[in-house]
Amino acid sequence: MNGARRWIVACVFAGVALRLAFALFYWVNQPLTHDEREYLALGRSVARGEGFHYPADEPPRGTTQQFGRGPGYPLFLATLRVLEPRDYAPRRVQIAQAVLGGAIVWLIASIAGRAAGPRAGLA
């Protein structure tokens, strides 16, 4: 493993650790935004086998759908099997997002490294 690759690995692990620390120790039981509620509702609907539609109880009454939602993130949430409504982000979602974020950083660094060399990958 060359020097640049070691630094990239260290940055990925540091980023995942910081994001996990933020999610699990600081941002605890914080209320969800309208977008988060909609995405979690769609994810629950897909996980239950009901397709891409909002359940009758989600989002809370008095709010309306403001934008259409792409299918990728609700499918990701459906794989995490969060089936019950919540007022805060589930732990497994926070952990999966942190790990996925680290994988994406690794992927971007790999693409940049192959396209423009080790220094670009590290940047």
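We're numbering straight along the sequence, starting at 1.
- In the hydrophobic clustering of this structure, F13 does not group with L100; members are Ile, Leu, Val, Met, Phe, Trp, Tyr whose side-chain heavy atoms approach within less than 4.5 Å, directly or through other members.
- A78 is linked by a side-chain contact (heavy atoms from CB on, under 4.5 Å) to V46, A47, counting only residues two or more places apart in sequence or in another chain.
- Relative ring orientation between W27 and F22 is described as parallel, the plane-to-plane angle staying below 30° on a 0-90° scale split at 30° and 60°.
- Inspection of the Q94 and Y88 side chains reveals no N or O donor paired with an N or O acceptor under 3.5 Å.
- Atoms CG and CG, from L75 and L80 in turn, are 11.5 Å apart once rounded to the nearest 0.5 Å.
- L77 CG to E36 CD: the interatomic distance, rounded to the nearest 0.5 Å, is 10.0 Å.
- Taking CZ from R81 and CZ from R48, the interatomic distance works out to 10.0 Å, rounded to the nearest 0.5 Å.
- Formation of a donor-acceptor pair under 3.5 Å by the S45 side chain with backbone atoms of F52 is not found in this model.
- To the nearest 0.5 Å, the span separating CD on Q30 from CG on D87 amounts to 12.0 Å.
- I95 is not connected to Y26 by any chain of hydrophobic side-chain contacts under 4.5 Å among Ile, Leu, Val, Met, Phe, Trp and Tyr, and they are in different clusters.
- L20 and A98 make their closest contact through CD2-CB, 3.7 Å (heavy atoms, listed as atom of the first residue, atom of the second, distance).
- Y54 and E38 share a side-chain donor-acceptor pair at under 3.5 Å.
- We find the CG-OH distance between D35 and Y73 to be 10.5 Å, quoted to the nearest 0.5 Å.
- Rounding to the nearest 0.5 Å places CG of L42 at 14.0 Å from CZ of R37.
- Residues passing the side-chain contact (heavy atoms from CB on, under 4.5 Å) test with P118, sequence neighbours excluded: A4.
- Smallest separation of non-hydrogen atoms from A89 and L32: N-CD2, 3.4 Å.
- For the residue pair A109 and I8, the shortest heavy atom distance occurs at CB-CG2, 3.7 Å.
- Within 6.0 Å of CZ on R114 lie no more than 12 heavy atoms contributed by other residues, nucleotides or ligands.
- The hydrophobic clustering, which links ILVMFWY residues whose side-chain heavy atoms are closer than 4.5 Å, places V105 and V9 together.
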